[in-house]
Amino acid sequence: MIFYKSEEEIDLIRESSLLVAKTHAEISKLIKPGVTTLYLDRIAEEFIRDNGGIPAFKGYGGFPNSLCTSVNSHVVHGIPNDNNLINGDIISVDCGVLMNGYFGDSAYTYCVGNVSEEIKKLLEVTKESLNKGIEKAIVGNRLGDVGFAINNYVSQYGYGVVREMVGHGIGRSLHEDPQVPNYGRRGSGIKLKEGLVIAIEPMINLGSSKIEQLSDGWTIRTVDKKCSAHFEHTIVVRAHKAEVLTSFKEIENILN
Ligand code: MG
Ligand code: MG
């Protein structure tokens, strides 16, 4: 069942989403060779709690930490650990916040030190594919238009679009209906209406789209062990242009 949100509810999701964006900005300052993902996780948890939020992922289905940190071939749901990040790595950081009863959710893939041009291109295309999807998230379009736009944009580069993992509705729950796949047929799926709040999150692989789960019960990895990128925004469907509730602005002010 899809819960369409009132403007009052959207205001609350916006607040949670802003805290997610600020948490990302804090983390982005720290990402460099030698840092551990467990350290990033601890800083994120403190920052979220200091700002009146609750880390949404901690304890979700038994997930042990506040961030999902997925390095290189790890696609999503990586568990923070005490391994050092290494020059040339990429790391997807996924962060969720619960505040005032509503969730916000956003992911960004960061470079650690100097990353190859091939991988930088993967990140750039994945981020742009998210924008392509957001452009289609307007009243009157259908959900399939969003997935089509993402997949259609990415496929020209020969990358693999992960199909088993999808975006989602978000609000009082972290994961609500509808599922938001990163592929689709134009004109198919539910009609998009005002008040639909969704997290759009393309997961794009340098090589094959095939993925597998590690024995830790969480981490999703590419089968061919090539790198994967992940970008996510929480957005509201609007009449002429979707409103993006999370933000990469603060992250990118720091990175540039
Ligand atoms: Mg997320
Ligand atoms: Mg999500």
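Quick note: numbers below take in every heavy atom, side chains included, and nothing from hydrogens, waters or symmetry partners. Both counts, for ligands and for their atoms, begin at 1 and track the order of listing.
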Notebook entry, point to check: Would you call Glu117 and Lys120 a salt bridge, using N to O less than 4.0 angstrom?
Noted result: yes
Test: Glu118 and Lys226 ion pair at under 4.0 Å
no
| said: Side chains of Leu192 and Leu143, heavy atoms from C-beta outward: is any pair under 4.5 Å? | reply: yes
Determine, stepwise, if the pair His77 / Phe63 fulfils ring-ring contact (aromatic ring centres under 6.0 Å, His included). CA-CA 9 Å; His77 302 168; Phe63 190 79; 7.4 Å; no
What is the name of the N/O/S atom of [X] that is nearest to the Mg ion (ligand 1)?
X: Glu232; answer: OE1
X: Asp94; answer: OD1
X: Asp105; answer: OD1

His168 near the Mg ion (ligand 2): N/O/S under 2.8 Å:
yes
Next on the checklist: Test of understanding: clusters of I, L, V, M, F, W, Y form through side-chain heavy atoms closer than 4.5 Å, transitively. Do Ile27 and Phe57 belong to the same one?
Outcome noted: no
The atom name of the N, O or S atom in Glu201 nearest to the Mg ion (ligand 2) is OE2
